[in-house]
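Notes follow the structure.
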Amino acid sequence: MSDITSHKVNIRLPDSSIRTYDGPVTGHSIAADIGAGLARAALAAKVDGKIVDLQLPIEKDASVSIVTLKDPDVLELLRHDAAHALAEAAKELFPNIQVTIGPAIDDGFYYDFSREDPFTPDDLESMETRMREIVDRDEVISREVWEKDQAIQYFESVGEYYKAKIVADLPNNEPITIYRQGEFTDLCRGPHLPSTGRLGKAFKLLKVSGAYWRGDSRNEMLQRVYGTAWRDKKELDGYLHRIAEAERRDHRRLGREMGLFHQQEEAAGMVFWHPNGWQLYRTIEAFVRTRLEEGGYIEVKTPQLIDRSLWEASGHWDKFRENMYSMESEEKTFALKPMNCPGHVQVFRQELKSYRDLPLRMAEFGSCHRYEPSGALHGLMRVRNFNQDDAHIFCTEDQINVETEKFVRLLLRIYSDFGFDDVKAKFSDRPQVRAGTDEIWDRAEKALKGAIESIGLDCELNPGDGAFYGPKLDFVLTDAIGRQWQCGTLQVDFVLPERLNANYIGQDGDKHRPVMLHRTVLGSFERFIGILIEQYAGHFPLWLGPVQAVVATITKEGDQYAEIVADQLSNAGLRVRTDLRNEKIGYKVREHSLAKIPIILAIGKKEAENGTVSLRRLGYKEQESLVLADAVTRLRAEASIPV
RNA sequence: GCCGAAGUAGCUCAGUGGUAGAGCAACUGAUUCGUAAUCAGUAGGUCCGCGGUUCGAAUCCGCGCUUCGGCACCA
């Protein structure tokens with residue numbers, strides 16, 4: 001054992017000053033040296049960027065900063081400590097409970113417990129109360145390093161078999177760190193706060209759910225308690241407000257209120273589109289169709305129900321049979337298509353193709369069925385029957401780069417038109433098990449990467465996550481309240497053209513295999529519409545609004561003129577309704593505002609006499625008086641699909 | 001699929017073994033009114049489904065379905 005105490009330790013502080021200590025020094029001592037105030041505020045030390053316990057000796061030269069509540073990184077520490085306080089509370093309240101793991105997560109923490117009886121809402125409340133008591137007790141949190149065998153023995157002796165298992169599965173050379181607070185002893189990597197009092201009280205337990213031990217559905221189910229923790233009450237309230245905001249935007253609620261769609265148990269996971277919702281759907285489809293036409297795509301339509309033999313040839317029967325709907329007829333087995341690609345290859349194969357036909361971009365708004373597990377269904381976001389804005393680009397390897405670039409530009413433009421400007425790409429390269437030679441993979445990966453680079457898109461790497469048939473790019477957009485949605489994708493496929501025998505005649509007169517690029521922008525119409533509803537909280541931009549304007553009369557004297565106004569707007573291509581009911585204008589305004597109609601045109605005696613309209617926009621109180629012809633010109637421009 | 005919770009009028013919800021309720025929406029009538037609720041009246045129920053316990057079930061028990069929150073899954 002070396003004598004570390006004889007070494008001088010140089011500590012560089014954030015202001016670049018250097019303090020030299022004779023031997024190891026703790027973050028706590030450094031803070032105390034700097035000032036009593038900092039020592040009181042100190043929660044942890046950041047040593048070369050890594051957060052460690054305040055009491056942990058720093059044994060060699062390092063850059064050190066003292067972590068206080070001001071440091072945003074402290075949140076993870078607080079949340080992890082909150083998880084420990086929860087575990088301590090649970091152990092005190094429920095003697096037979098076993099603790100497992102309890103990490104910090106985005107916005108909070110959870111802890112997985114093993115216990116016979118399910119937690120009740122009352123249990124949640126009593127655990128939270130006990131956590132607050134533990135904070136008041138201000139128990140010192142201390143760290144120890146144990147031998148592996150000692151730790152296993154200890155946890156088995158106290159009936160913590162999950163913990164013992166976790167320790168047993170740790171690598172032999174790894175030090176086993178044990179944290180104690182009060183009576184609670186836990187295996188934990190740390191770091192932690194100096195004492196439970198430092199956690200503060202800006203936390204809240206939120207919900208209980210099931211979770212598989214080690215995330216594997218073959219294992220037993222544990223009970224997971226979720227909570228949130230913040231630096232102060234204001235941050236906590238802000239978070240709770242954000243949750244409420246997300247709820248307010250819930251597409252299932254808005255979908256019902258706005259008369260867009262409904263779902264019912266006889267068709268679980270499927271959508272009944274109502275007139276307003278279907279109008280929205282058609283607008284989106286028409287818009288995407290114009291973009292595809294501009295992008296040089298051709299559109300096709302292929303069968304829903306296809307004989308099993310084709311699915312066997314494509315490989316789907318083998319891999320996804322469990323998730324395909326199939327039926328017997330004419331003593332054959334048919335399956336509803338889960339994807340459009342095999343159908344597209346059939347269209348491609350119909351006439352002998354030349355290299356001059358490539359790239360051939362074949363699009364279909366295809367209706368697909370997939371059996372999704374019942375627990376996965378969620379409004380429009382996860383359904384069993386969905387429609388993709390699907391296309392397959394048949395091209396040569398050399399064309400992958402340029403086609404990728406074209407596609408990404410098309411995708412970014414479409415997203416931007418829908419109001420999504422924050423887009424990230426995720427690049428997944430070759431998986432362990434794959435088809436195709438390394439040379440082909442090299443070229444394909446290079447082509448995809450090159451395209452992303454030339455566009456300058458923010459790109460994250462997902463190593464080894466590509467499909468077995470080729471590398472892929474996934475596109476993630478961020479919505480108005482910061483949530484991320486993976487929508488678009490582009491996948492390079494070397495396998496399907498082979499399996500389904502697609503080929504073209506090259507310049508050399510020989511047959512060659514095309515590469516297929518599978519690509520979608522929206523992903524599924526259903527899901528994308530769900531995202532749009534939540535993005536806009538139902539307040540769609542004018543071009544998307546199912547009903548764009550309502551012409552509402554103030555008295556009967558306006559009826560005739562209101563019809564003229566509505567006709568003119570309708571002739572200009574707007575989706576417009578009249579409201580001639582015998583109701584007060586205030587009542588009509590309220591009703592159409594709640595229905596989220598973007599434009600209300602009020603028509604009274606004055607407007608009828610002057611040939612004007614009084615225009616009111618959703619979300620605004622002000623009105624604007626316009627000459628009818630001007631209103632028509634202006635609204636026509638605003639209401640048409642983006643060009 | 002798994003764990004937990006829920007399912008009562010179109011919607012939000014009350015109703016713990018004894019005649020199924022409220023508010024809003026709907027419908028009818030009156031009111032002709034200037035930008036987020038005019039007044040009055042009427043109608044509306046397989047209390048998720050099936051079975052059981054009971055003199056009697058929305059209510060208690062069992063099975064199933066769907067939904068919700070997670071977990072697992074997502075070609």
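Residue numbers begin at 1 in each chain, while the letters A, B, ... track the order of the sequences. Because only heavy atoms are used, hydrogens play no part in the values below, and waters and symmetry mates are left out as well, while side chains stay in.
- Annotation: B:rA20 and B:rG45 have their P atoms spaced 14 Å apart (nearest Å).
- For residues 99-123 of chain A, the set of pairs meeting the ring pair (Phe, Tyr, Trp, His ring centres under 6.0 Å) definition, not counting sequence neighbours, comprises A:F94-A:F119, A:Y110-A:Y226, A:Y111-A:F113, A:F113-A:F119.
- Partners of A:I481 under the side chain to side chain contact (heavy atoms under 4.5 Å, CB included) rule, at least two apart in sequence or in another chain, are A:E245, A:A246, A:R249, A:D479, A:R483.
- In terms of phosphate contacts, A:K207 brings no side-chain nitrogen or oxygen within less than 4.0 Å of OP1 or OP2 of B:rG69.
- B:rU16 and B:rU54 have their C1' atoms separated by 16 Å, given to the nearest Å.
- Residue A:L222 contributes atom CG, which lies 18 Å from atom P of B:rG70 at whole-angstrom precision.
- Residue contacts shown for A:Y371 are limited to sugar-phosphate atoms, with no base heavy atom under 4.0 Å away.
- Residues of residues 211-220 of chain A that place a heavy atom closer than 4.0 Å to RNA chain B, in numerical order, are A:A211, A:Y212, A:G215, A:S217.
- Within a heavy-atom distance below 4.0 Å of RNA chain B, the residues of residues 257-265 of chain A found are A:E265.
- Using Watson-Crick or G-U wobble geometry with both donor-acceptor distances under 3.5 Å, B:rC68 finds its partner in B:rG4.
- For B:rC71, one of the phosphate oxygens OP1 or OP2 lies less than 4.0 angstrom from a side-chain nitrogen or oxygen of A:Y226.
- Listed by first and then second residue, the salt bridge (charged side-chain N to carboxylate O under 4.0 Å, His left out) pairs involving residues 614-627 of chain A are A:R617-A:E638, A:E624-A:R634 (not counting sequence neighbours).
- Residue contacts shown for A:P118 are limited to sugar-phosphate atoms, with no base heavy atom under 4.0 Å away.
- Separating the C1' atom of B:rG64 from that of B:rA6 is a span of 16 Å, rounded to the nearest Å.
- Nucleotide B:rC74 holds its P atom 19 Å from the CH2 atom of A:W485, rounded to whole Å.
- Listed by first and then second residue, the salt bridge (charged side-chain N to carboxylate O under 4.0 Å, His left out) pairs that reach into residues 336-345 of chain A are A:K337-A:E364, sequence neighbours excluded.
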Q: For the pair A:R370 and A:N385, evaluate side chain to side chain donor-acceptor pair (under 3.5 Å) and give the outcome as yes or no after the intermediate values.
A: CA-CA 7 Å; A:R370 294 179 188 176; A:N385 173 28; over 6 Å; no

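- Checking the phosphate oxygens (OP1, OP2) of B:rG69, a side-chain nitrogen or oxygen of A:H378 falls inside 4.0 Å.
- The salt bridge (Lys or Arg N to Asp or Glu O under 4.0 Å) search around A:R430 returns A:D438, A:D442, A:E445, not counting sequence neighbours.
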Q) In B/S/- notation, 5' to 3', how is nucleotides 35-41 of chain B contacted by protein heavy atoms closer than 4.0 Å? A) BBBB---

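- The cationic group of A:R218 does not satisfy the cation-pi geometry with A:W213, failing either the under 6.0 Å distance to the six-membered ring centre or the 45° limit from the ring axis.
- Between A:H262 and A:F272, the gap from one ring centroid to the other is short of 6.0 Å.
- A search for side chain to side chain contact (heavy atoms under 4.5 Å, CB included) contacts involving A:V627 returns A:D630, not counting sequence neighbours.
- As rounded to whole Å, 14 Å separates atom C1' of B:rC3 from atom CZ of A:R115.
- Nucleotides B:rU67 and B:rA26 have their P atoms positioned 29 Å apart, rounded to a whole Å.
- A:N610 has its CG atom 14 Å from the C1' atom of B:rG34, to the nearest Å.
- Nucleotides B:rG7 and B:rC61 place their P atoms 14 Å apart, quoted to the nearest Å.
- Closest to the A:M221 side chain, of the nucleotides B:rC2, B:rG34, B:rA75, is B:rC2.
- The same atom, C1', is picked in B:rC24 and in B:rA14; the two are 15 Å apart, to the nearest Å.
- Between B:rA72, B:rU12, B:rG69, one nucleotide has an atom nearer to the side chain of A:R256 than all others, and that is B:rU12.
- Straight-line distance from the CZ atom of A:R253 to the P atom of B:rC24: 19 Å, rounded to whole Å.
- Judged by distance alone, with hydrogens and angles left aside, A:R382 brings a side-chain donor or acceptor within reach of the base of B:rC73, the pair sitting under 3.5 Å.
- At a threshold of 4.0 angstrom between heavy atoms, the contacts of A:R252 are confined to the sugar-phosphate backbone, with no base atom among them.
- Across all strands shown, B:rU54 has no partner, as no Watson-Crick or G-U wobble contact with both distances under 3.5 Å is found.
- The distance from atom CD1 of A:I243 to atom P of B:rC68 is 18 Å, rounded to the nearest whole Å.
- Applying the side-chain hydrogen bond (donor to acceptor under 3.5 Å, both in side chains) test to pairs two or more places apart or on separate chains, those with a residue in residues 304-315 of chain A are A:D307-A:S309, A:R308-A:E312, A:S314-A:H316.
- Comparing the P positions of B:rU59 and B:rC50 gives an interatomic distance of 12 Å, to the nearest angstrom.
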Q. Given A:Y297 and A:H392, is the ring-ring contact (aromatic ring centres under 6.0 Å, His included) satisfied, shown in steps?
A. CA-CA 9 Å; A:Y297 287 75; A:H392 296 92; over 10 Å; no

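- The partner of B:rG44 is absent, by the rule that a Watson-Crick or G-U pair needs both atom distances under 3.5 Å.
- Remark: B:rA36 base-pairs with no nucleotide; criterion is Watson-Crick or G-U wobble with both hydrogen-bond distances under 3.5 Å.
- Every residue two or more places apart in sequence or in another chain that forms a salt bridge (Lys or Arg N to Asp or Glu O under 4.0 Å) with A:D169 is listed here: A:K165, A:R214.
- With sequence neighbours excluded, the residues that form a ring pair (Phe, Tyr, Trp, His ring centres under 6.0 Å) with A:F348 are A:F394.
- Formation of a donor-acceptor pair under 3.5 Å by the A:E607 side chain with backbone atoms of A:G604 is found in this model.
- Here B:rG23 sits opposite B:rC11 as a Watson-Crick or G-U wobble pair (both hydrogen-bonding atom distances under 3.5 Å).
- When the C1' atom is used for both B:rG4 and B:rA9, the distance is 29 Å, rounded to whole Å.
- Pairing for B:rG17 is absent, with no Watson-Crick or G-U wobble pair whose two atom distances lie under 3.5 Å.
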